[in-house]
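One structure is given below, encoded as structure tokens.
Since this is a predicted model, take the numbers as computed values, not measurements. Counting from 1, the numbers follow the sequence of the chain as shown. First listed ligand is number 1; within each ligand, the first listed atom is number 1.
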Amino acid sequence: MSINDKILKPSPDALEKAANSIRSGKLVSFATETVYGLGADATNGEAVAGIFEAKGRPSFNPLIVHVPDLNAAQKLVYFSPFATKLAEKFWPGPISFVLPRKDDCPVSELASAGLPTLAIRVPSNEAARAFLQAAARPVAAPSANLSGKISPTTAQHVADGLGDKVAYILDGGDCAVGLESTVISVQDDRVTLLRPGGISKEELEAVVGTVEVAKADSEISSPGMLLSHYAPGCPVRLNATDKKEGEAFLAFGDGFDRISDLNLSETGDLKEAAAKLFAAFHKLDAQHSSQIAVAPIPQEGIGAAINDRLKRAAAPRN
Ligand code: AMP
Ligand code: MG
């Protein structure tokens with residue numbers, strides 16, 4: 001299919017095609033009022049891994065999950081009465097809320113990068129909401145640009161950067177806001193600004209009073225603050241080819257059958273491994289092993305992002 005055939009104006013027919021593609025695990029770029037998003041079915045781990053692969057992101061950071069309305073959001077995360085009030089005030093619109101995942105939240109752990117929270121947003125762009133309604137499932141979507149490039153604000157920008165990686169691009173014209181959504185976390189009645197964006201700090205403060213500003217990422221991850229990275233509770237040993245006393249062994253590929261406790265991908269599929277990584281850590285963590293030994297992961301394609309995360313997990317803790 002030529003790239004021009006992939007760019008669709010959001011007619012009902014086009015929305016249905018795009019929604020079907022999302023449901024079958026493909027990537028669809030769609031216009032929102034902030035920037036063009038690179039969307040995947042958030043409940044499908046391999047589809048979410050496809051986002052990181054397509055963007056060439058060197059690391060897994062948590063993604064924003066998009067839903068058509070507050071009701072859909074409330075099925076995924078816990079809204080305190082205060083968070084509900086804020087959502088009613090600012091949604092639909094260019095602001096994402098980081099809230100605790102519900103126990104039965106169907107969103108892939110990769111979309112949360114293993115964190116117990118999920119960033120969620122209801123966009124105001126009409127076509128985006130119609131698309132999310134048609135998709136009938138949460139859609140994980142970072143900006144639709146290659147890693148390191150600037151965010152796209154027209155369908156052509158997306159076509160130039162990621163045209164061969166998406167099934168469709170829903171062309172909603174130029175983005176009205178043109179910069180990313182504001183990201184806030186809401187804990188009790190405290191609001192912390194994690195990323196400035198389409199809704200200003202002043203607009204927020206007019207509604208909530210004081211807004212704290214999160215310090216640089218490294219400080220957010222310090223104890224007591226928002227964890228920006230998940231790591232297992234026990235030490236992690238990398239590039240392991242044997243299993244020591246007391247260890248749990250996390251395999252990749254078919255060479256470790258005798259010692260494997262869990263396999264990221266028996267067929268050696270890196271996308272499958274990315275999709276399973278955080279869930280695997282949580283599972284092995286719960287077994288209270290003294291250490292998790294991880295088989296070597298090839299440093300190619302999305303393997304680089306897997307190894308980045310493994311290295312962080314294995315780094316000495318304070
Ligand atoms: P992007 O999807 O590229 O627009 O970026 C999403 C932004 O939201 C990044 O700055 C993330 O660090 C932030 N974010 C997403 N989920 C979480 C979360 N669970 N906790 C903290 N920050 C988050
Ligand atoms: Mg981006």
Side-chain angles (χ1 to χ4, degrees), residues 27 29-40 42 47-67 73 76-79 83 93-102 105 107-123 125 128 138-153 157-158 161-162 165 175 177-187 190-199 211-222 224-231 278 282 305 308-309 312:
L27 301 179
S29 177
F30 60 106
T32 79
E33 71 279 17
T34 60
V35 300
Y36 275 71
L38 180 63
V48 175
I51 290 177
F52 291 96
E53 184 178 62
K55 286 181 64 99
R57 267 198 183 172
S59 60
F60 296 129
N61 46 349
L63 303 175
I64 297 167
V65 166
H66 296 71
V67 289
L76 308 177
V77 290
Y78 289 109
F79 278 81
I95 184 163
S96 304
F97 289 65
V98 172
L99 294 167
R101 291 171 64 112
K102 286 195 158 169
C105 178
V107 170
S108 142
E109 291 199 50
L110 183 58
S112 287
L115 297 172
T117 51
L118 185 67
I120 193 153
R121 181 165 96 85
V122 177
N125 180 296
V139 173
S143 53
N145 52 280
L146 290 166
S147 180
K149 307 277 184 195
I150 56 168
S151 298
T153 53
H157 292 161
V158 181
L162 289 168
K165 312 269 177 59
C175 298
V177 177
L179 80 170
E180 277 85 355
S181 66
T182 303
V183 181
I184 58 169
S185 87
V186 186
Q187 286 165 310
R190 276 178 43 223
V191 174
T192 308
L193 183 67
L194 302 179
R195 178 178 78 179
I199 299 283
V211 170
E212 292 169 48
V213 179
K215 311 242 170 50
D217 194 52
S218 57
E219 293 176 46
I220 300 177
S221 61
S222 68
M225 303 280 286
L226 248 182
L227 274 174
S228 68
H229 295 296
Y230 163 77
F278 291 108
H282 279 129
D308 166 79
R309 180 49 45 138
R312 289 170 199 266

### Message
Within the structure, is a non-hydrogen atom of Leu115 found at a distance of less than 4.0 Å from ligand 1?
### Response
yes
#### Entry: Closest to atom 2 (O) of ligand 1 (judged by heavy-atom distance), picking from Pro116, Ala111, Ala140, Pro142
Pro142
### Query
Heavy-atom contacts under 4.0 Å between Asn61 and ligand 1: side chain, backbone, both, or neither?
neither
### Task
Indicate yes or no for a side-chain donor-acceptor contact from Thr182 to the backbone of Gly197 under 3.5 Å, with no hydrogens or angles considered.
yes
### Distance filter under 4.0 Å to Leu194 heavy atoms, resulting ligand 1 atoms
21 (C), 22 (N)
### Message
Checking contacts here: is it the side chain or the backbone of Arg57 that comes within 4.0 Å of ligand 1, counting heavy atoms only? Could be both or neither.
### Response
side chain
### Query
Is there a donor-acceptor contact under 3.5 Å linking the side chains of Arg312 and Ser59?
no
### Task
Could you tell me whether Thr117 and ligand 1 have an N or O pair separated by under 3.5 Å?
yes
## Note on the structure
So the atoms of ligand 1 within less than 4.0 Å of a heavy atom of Ile64 turn out to be 2 (O), 4 (O), 6 (C)
### Message
Would Glu180 and Arg121 count as a salt bridge (charged side-chain N to carboxylate O under 4.0 Å, His left out) here? Give the steps.
### Response
CA-CA 12 Å; Glu180 277 85 355; Arg121 181 165 96 85; over 6 Å; no
### Any N, O or S atom of Ser143 closer than 2.8 Å to the Mg ion (ligand 2)
yes
#### Entry: Option whose closest heavy atom lies nearest to atom 18 (C) of ligand 1, chosen from Ile51, Val77, Val98
Val98
### Message
If I take atom CZ from residue Phe97 and atom CG from residue Leu118, how far apart are they, to the nearest 0.5 angstrom?
### Response
13.0 Å
### Message
Minimum heavy-atom separation for Ile51 and Gly39, please, with both atom names.
### Response
CD1-C, 4.5 Å
### Query
For His66, is the nearest heavy atom under 4.0 Å from an atom of ligand 1?
no
### Query
Can you tell me how far the OG atom of Ser181 sits from the CZ atom of Arg195, to the nearest 0.5 Å?
4.5 Å
### Task
Would you check if the side chain of Glu109 reaches a backbone N or O of Gly114 as a donor-acceptor pair within less than 3.5 Å?
no
